[in-house]
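Keep in mind that what you see is a predicted model, and the values were worked out from it rather than measured. Numbers here are sequence positions counted from 1.
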Amino acid sequence: MSDKFIVNCALEILRELAATENEISVGKLHSSWAKVEIQDIKLIGRSDGYAVLEAINYALPDTTYLMLTDAGELCEINDSCNF
C-alpha cells in the first residue's frame with residue numbers, strides 16, 4: 001500500500017482511539033489526539049507487510065508510535081517504538 005494510505009489509516013486510528021474510553025497499551029489516549037493533523041504523522045519504517053509510524057501531539061507534547069499492517073490495521077501502539 002502507499003505511504004499516504006498508511007498515514008491516513010494511522011490518523012483515523014488515533015482519532016478513533018482518542019474518542020473512546022478504551023485503554024490501550026499506552027493507556028487511554030488524551031482527547032487532544034483527536035485533533036492531530038496528517039502532517040503530524042510520519043512513516044518511519046517498513047518491513048514485510050508492516051509499517052511503523054511516528055505521531056506527534058504538539059498540544060501535550062507527546063509522541064506515540066504505531067505498527068500497522070499494509071492493509072491499514074493496527075497491530076500495536078506504544079510510546080517507545082519497540083516493536
Honestly curious: do Ile6 and Leu74 fall in one hydrophobic cluster under the side-chain, below-4.5 Å linking rule? yes

Minimum heavy-atom distance Ala10-Leu68, with the two atoms named: N-CD2, 3.8 Å

If you compare all heavy atoms of Ile44 against all heavy atoms of Cys81, which two are closest, and at what distance to 0.1 Å? CD1-SG, 3.9 Å

Can you check whether Leu60 reaches His30 side chain to side chain, under 4.5 Å on heavy atoms? yes

Taking side-chain contact (heavy atoms from CB on, under 4.5 Å) as the definition, give me every residue that meets it alongside Ser31, ordered by chain and number, with sequence neighbours left out. none

Tell me, please, which residues at least two apart from Glu54 pass side chain to side chain donor-acceptor pair (under 3.5 Å). Tyr65

Measure the spacing between CG of Asp70 and OG of Ser2 and express it to the nearest 0.5 Å. 10.0 Å

Counting N and O atoms only, with roles assigned by atom type, does the side chain of Asn8 sit under 3.5 Å from a partner on the main chain of Phe5, one being a donor and the other an acceptor? no

Just so I know, are the side chains of Ile13 and Ile77 near enough to count as touching, which here means a heavy-atom distance under 4.5 Å? no

When rounded to the nearest 0.5 angstrom, what is the spacing between CG in Asn82 and CE in Met67? 10.0 Å

Applying side chain to side chain donor-acceptor pair (under 3.5 Å), name anything that partners Asp48, two or more places apart in sequence or on another chain. none

Distance (rounded to the nearest 0.5 Å) between Glu37 CD and Tyr58 OH: 12.0 Å

Indicate the atoms forming the closest heavy-atom contact of Thr20 with Leu17, along with that distance. OG1-O, 3.1 Å

side-chain contact (heavy atoms from CB on, under 4.5 Å) partners of Glu73, counting only residues at least two apart: Thr69

Under the side chain to side chain donor-acceptor pair (under 3.5 Å) rule, collect the residues that match up with Asn57, sequence neighbours excluded. Ser32

Distance (rounded to the nearest 0.5 Å) between Glu12 CD and Ile38 CD1: 10.5 Å

Side chain proximity check, Leu14 to Ile41, heavy atoms < 4.5 angstrom: yes

How many angstroms lie between OG1 in Thr63 and NZ in Lys42, if you round to the nearest 0.5 Å? 9.5 Å

Following the transitive rule for hydrophobic clusters with a side-chain heavy-atom cut-off under 4.5 Å over Ile, Leu, Val, Met, Phe, Trp and Tyr, establish whether Trp33 and Val7 coincide in one cluster. yes

Suppose we screen for side chain to side chain donor-acceptor pair (under 3.5 Å). Which residues come up paired with Asp3, at least two apart in sequence or across chains? Arg46

Can you name the nearest heavy-atom pair linking Tyr50 to Cys75, along with the distance? CE2-SG, 3.5 Å

